[in-house]
Amino acid sequence: MKARIQILIALLAGFTIASESFAQEKKKNTTSTIEMVKQEIASQSYKINISTALPMQGRNIPLTSPYFLEIKNDTVISHLPYFGRAYRIPYDGGDGLDFKAQLKDYTVDTDKKGNIQIKFSTRTIEDLFEYRIKIYDNGSSNIDVSMQNRQGISFIGDMELDKQKK
């Protein structure tokens, strides 16, 4: 009977040590991810890969094609789909959210929870776009886009971090 109790105690001690080391490793990985996110934002050269579109009306749309939003210094490269109502657009439908343009009014703030909030606007021949991006510690992101000539739309994606870049 004593042998079984000793084996049970040894197993419990082993599980406790293993779970503590796993928790420390997870915390170390989270800290390194947070630092990589902050470095990417500070460099003003980052890319957010989009996985889901959230139109104002209708259901969420999972995206299978590679869509992204990229910031390079003072330029935004927007390769995003559009689902929604347009109020005034060119006859051929225009480019929508697929363009390259100069950034205006670029600001970066941190909210109470430590999430990064980025706001900027840009103008193309077709429209004035206002972007609001919220980036969480793990690199996941929410993007809200408001336009003058179209209904707003939101997106969910993940920031492409250095370890993922090729």
Does one side chain, of Gln102 or Asp74, offer a donor that lies under 3.5 Å from an acceptor on the other? yes

Arg123 NZ/CZ over Phe129 ring centroid, <6.0 Å and within 45° of normal: no

Minimum side-chain heavy-atom gap Tyr82-Pro55 below 4.5 Å: no

Any sub-3.5 Å donor-acceptor pair from Thr75's side-chain atoms to Asn73's backbone N or O? no

Within the structure provided, determine whether Glu40 and Lys47 are in side-chain contact (heavy-atom separation under 4.5 Å). no

Mutual orientation of the aromatic rings belonging to Phe120 and Tyr131 [parallel < 30°, tilted 30-60°, perpendicular > 60°]: parallel

Flag side-chain contact, heavy atom, 4.5 Å: Met147 against Val145: yes

Is there a chain of hydrophobic side chains (I, L, V, M, F, W, Y, each step under 4.5 Å between heavy atoms) that links Ile61 to Ile156? no

Do Ile135 and Ile118 have side chains that get closer than 4.5 Å, going by heavy atoms? yes

Flag side-chain contact, heavy atom, 4.5 Å: Leu103 against Ile71: yes

Asp144/Ser154 under side chain to side chain donor-acceptor pair (under 3.5 Å): CA gap, chis, key distance, verdict: CA-CA 4 Å; Asp144 297 319; Ser154 299; 2.6 Å; yes

Looking at Lys134 and Asp111, does any basic side-chain N land under 4.0 Å from a carboxylate oxygen? yes

4.5 Å side-chain heavy-atom contact, Pro66 and Phe68: no

Within a strict 4.5 Å, meaning less than it, do heavy atoms of the Asp98 and Leu80 side chains meet? no

Would the distance check show the side chain of Asp105 and the main-chain N or O of Ser121 forming a donor-acceptor pair, the cut-off being under 3.5 Å? no

Taking only Lys NZ, Arg NE, NH1 and NH2, and the carboxylate oxygens of Asp or Glu, determine whether Glu70 and Lys72 approach each other closer than 4.0 Å. yes

Just so I know, are the side chains of Ile116 and Val108 near enough to count as touching, which here means a heavy-atom distance under 4.5 Å? yes

